[in-house]
Trainee: 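Quick one: this structure, given as structure tokens, is what I'll be asking you about.
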Amino acid sequence: MSTLSEAYKEQPLHLKHIIPLDFASVGSLMPDSHVWPGSGDFSPSEEEYNRSSVPVIDLRDPNASEHIRRACEAWGVFQLINHGISPMLIEEVEHEAERFFSLPAQQKLKALRSPGGATGYGVARITPFFSKHMWHEGFTIMGSPLDHAREVWPHDHQRFCNAMERYQKEMKSLAERIIRLIFRSLSINSEEEISWLGSSCNVSTALQLNSYPSCPDPNQAMGLAPHTDTFLLTILHQSQTINGLQISRDGVGWLPISPLPGALFVNMGDLFHLISNARFSNVLHRVVVNGTRQRFSVAYFYGPPTEFVVSPLCKGLNSGQVPLYRSVAVKDYVSLKAKHMENALSIIRID
């Protein structure tokens, strides 16, 4: 069975689309390579912002399944509280991420992602689709980060590895719990349809540590360019004191997602949009940066095994609804997204 890492090997990147800027060397002037004219546009008015409140869902609520379904339909995102992830573990992971990103550039480059690799240090994989570079650096982990971590810290890598491995284990359980609740709300529960969920098979998961350094001119920079996520869902922890994440909302524009203490932010990805036959929104989102403070976030991505064929599951949807998308193997959709980014879904849409 192929793995997610193997799926990405088929779409190698040039080093210029992997190596981040040495942000510590930037003075008071923005390098032209990172200037995004108009990047500060499209902010909502105060009235629009007050009318737009992302759903907050308590996982302990007996009706959580129905609340999640409604949020997925109306928003494609929600804030999750009482999710069961230890605050101490979240704090430890953020601390270890900050420890890595605070290193000198040359030391971080020891963990550089290879051109055909899926894990390690580098910029966002969406970089080749844009003419300007993003004000961002990341570290991608799939399973154990040991190989990269010991290159960076030959004698002090174990606590980083332990924190990331424990976090991935907890996130996997939480992601599968959320997905089961969603499937239950759609009356999708046959063994054939969800046989991969919660099993020991090779589900597609990745942990992404993100750093958005302080920027001399944040109005001309872009932390992460507008995009949708590839897999079923993303569970995000963001720094509790700094805004940065924004979602695109019809009639509003770019809506800031302020961190909610103790909450995790969940957004639907392309594959849930496909499975729900476009009932769930795969919300377009971006990240803006701060002029004085560095921001960190930790994103966990979850999807079916790469060999699994994803299809619109019209059961539980509107009666008589026909499939809007062709079936596609997860690995093939990963390849389509790597080649065509936001056009990937339209390629497999049934006219």
Side-chain angles (χ1 to χ4, degrees), residues 3-8 18 20 80 83-101 103 108 111-114 117-126 136-153 157-179 198 200-212 223-224 227 229-239 244-245 263-269 271 285 287 295-306 330 334 337:
T3 65
L4 187 56
S5 292
E6 290 167 347
Y8 280 118
I18 299 175
L80 189 67
H83 42 68
I85 306 300
S86 164
M88 291 181 62
L89 177 58
I90 294 173
E91 183 178 336
E92 184 180 358
V93 168
E94 183 171 338
H95 172 77
E96 288 300 314
E98 185 173 354
R99 183 165 77 104
F100 173 79
F101 289 120
L103 294 171
K108 287 183 285 190
L112 188 68
R113 190 171 72 233
S114 65
T119 61
Y121 177 62
V123 299
R125 295 194 71 91
I126 62 174
H136 165 268
E137 54 183 339
F139 192 116
T140 308
I141 300 168
M142 297 178 184
S144 173
L146 177 61
D147 289 345
H148 284 116
R150 63 186 171 192
E151 291 294 323
V152 177
W153 298 292
H157 55 266
Q158 201 57 54
R159 56 182 174 143
F160 179 90
C161 295
N162 289 345
M164 300 308 158
E165 289 172 28
R166 284 165 45 220
Y167 191 75
Q168 288 176 91
K169 181 179 179 181
E170 293 294 318
M171 283 290 115
K172 182 176 183 291
S173 295
L174 177 59
E176 291 171 348
R177 184 178 177 188
I178 295 169
I179 292 166
S200 58
C201 63
N202 237 343
V203 290
S204 302
T205 66
L207 184 66
Q208 176 72 26
L209 312 180
N210 297 305
S211 164
Y212 304 95
L224 207 55
H227 66 287
D229 290 342
T230 300
F231 297 101
L232 285 176
L233 56 74
T234 304
I235 304 175
L236 180 78
H237 162 71
Q238 50 180 338
S239 298
L245 177 65
L264 293 168
F265 179 80
V266 181
N267 67 274
M268 299 296 104
L271 293 185
H285 54 285
V287 176
R295 177 179 174 272
F296 301 99
S297 70
V298 182
Y300 180 81
F301 305 96
Y302 186 99
T306 55
V330 171
V334 169
K337 191 72 178 275

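Starting from 1, each residue takes its place in the sequence as its number. What you see is a predicted model, and the numbers here were worked out from it, not measured in a lab.
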Trainee: Determine the minimum heavy-atom distance between Ala124 and Leu224, stating which atoms define it.
Mentor: CB-CD1, 3.6 Å
Trainee: If you apply the rule side chain to side chain donor-acceptor pair (under 3.5 Å), what do you find for Glu92 with Tyr167, and how did you get there?
Mentor: CA-CA 9 Å; Glu92 184 180 358; Tyr167 191 75; over 6 Å; no
Trainee: Is there a side-chain contact between Leu271 and Val330 (heavy atoms, below 4.5 Å)?
Mentor: yes
Trainee: Look up atom CG in Asn267 and atom CG in Leu233, then write down how far apart they are to the nearest 0.5 Å.
Mentor: 8.0 Å
Trainee: With sequence neighbours left out, write down each residue that passes side chain to side chain contact (heavy atoms under 4.5 Å, CB included) with Arg159, or none if nothing qualifies.
Mentor: His95, Glu96, Arg99, Asp156
Trainee: Considering non-hydrogen atoms only, spot the tightest contact between Ala299 and Asn210 and give its length.
Mentor: CB-ND2, 4.4 Å
Trainee: Quick check: do Ile90 and Ile85 have side-chain heavy atoms less than 4.5 Å from each other?
Mentor: yes
Trainee: Check for a donor-acceptor pair, side chain of Ser204 on one end and backbone N or O of Pro304 on the other, with a separation under 3.5 Å.
Mentor: yes
Trainee: Any chance you could measure Leu209, atom CG, to Ser297, atom OG, to the nearest 0.5 Å?
Mentor: 8.5 Å
Trainee: Check whether any side-chain heavy atom of Val298 sits under 4.5 Å from a side-chain heavy atom of Ile235, and report yes or no.
Mentor: no
Trainee: Okay, side chain of Arg113, backbone of Val123: is any donor-acceptor separation there less than 3.5 Å?
Mentor: yes
Trainee: Do Tyr212 and Glu137 pair up side chain to side chain, a donor and an acceptor below 3.5 Å, judged on atom types alone?
Mentor: no
Trainee: I would like to know whether Asn202 and Thr306 meet side chain to side chain contact (heavy atoms under 4.5 Å, CB included); could you show each step before the answer?
Mentor: CA-CA 8 Å; Asn202 237 343; Thr306 55; over 6 Å; no
Trainee: Taking the side chain from Gln168 and the backbone from Gly143, do they hold a donor-acceptor pair closer than 3.5 Å?
Mentor: yes
Trainee: Identify the two heavy atoms, one from Lys337 and one from Thr230, that lie closest to each other, and give their separation to 0.1 Å.
Mentor: CG-OG1, 3.4 Å
Trainee: Quick check: closest heavy atoms across Leu245 and Arg295, and the distance to 0.1 Å?
Mentor: N-NH2, 3.8 Å
Trainee: If only atom types and distance count, is the side chain of His285 paired as donor or acceptor with the main-chain N or O of His227 below 3.5 Å?
Mentor: yes
Trainee: Would you tabulate the side-chain donor-acceptor contacts of residues 145-153 under 3.5 Å, counting partners in other chains and residues two or more places apart, or write 'none'?
Mentor:
from	atom 1	to	atom 2	distance (Å)
Asp147	OD1	Arg150	NH2	3.1

Trainee: Determine whether Phe301 and Thr205 make a side-chain contact, defined as any pair of heavy atoms from C-beta on separated by less than 4.5 Å.
Mentor: no
Trainee: Check whether any side-chain N or O of Lys108 sits under 3.5 Å from a backbone N or O of Phe101 as a donor-acceptor pair, and report yes or no.
Mentor: yes
Trainee: Identify the two heavy atoms, one from Val203 and one from Gly303, that lie closest to each other, and give their separation to 0.1 Å.
Mentor: CB-O, 3.5 Å
Trainee: Kindly determine whether Val266 and Leu236 satisfy side chain to side chain contact (heavy atoms under 4.5 Å, CB included), including the steps that lead there.
Mentor: CA-CA 6 Å; Val266 181; Leu236 180 78; over 6 Å; no
Trainee: Can you find a pair of side-chain heavy atoms, one from Thr234 and one from Asp229, that are under 4.5 Å apart?
Mentor: yes
Trainee: Looking at Ala111 and Phe139, what are the two nearest heavy atoms and their distance?
Mentor: CB-CE1, 3.9 Å
Trainee: Would you call Arg166 and Glu170 a salt bridge, taking side-chain N to carboxylate O under 4.0 Å as the test?
Mentor: no
Trainee: Side-chain contact test, heavy atoms from C-beta onward, threshold under 4.5 Å: evaluate it for Leu207 versus Met164 and give yes or no.
Mentor: yes
Trainee: Apply the test side chain to side chain contact (heavy atoms under 4.5 Å, CB included) to residues Tyr302 and Glu176: give CA-CA distance (whole Å), side-chain angles for both, the deciding distance (0.1 Å), then the verdict.
Mentor: CA-CA 8 Å; Tyr302 186 99; Glu176 291 171 348; 2.7 Å; yes
Trainee: Could you go through the salt bridge (charged side-chain N to carboxylate O under 4.0 Å, His left out) check for Glu165 and Lys169 one step at a time?
Mentor: CA-CA 6 Å; Glu165 289 172 28; Lys169 181 179 179 181; over 6 Å; no
Trainee: Using the test ring pair (Phe, Tyr, Trp, His ring centres under 6.0 Å), find all partners of Phe231 that sit at least two apart in sequence or belong to another chain.
Mentor: none
Trainee: Does Ser239 use its side chain to pair, donor to acceptor, with the backbone of Phe296 at less than 3.5 Å?
Mentor: yes
Trainee: Taking the side chain as every heavy atom from C-beta outward, state whether Met171 and Val93 have any atom pair closer than 4.5 Å.
Mentor: no
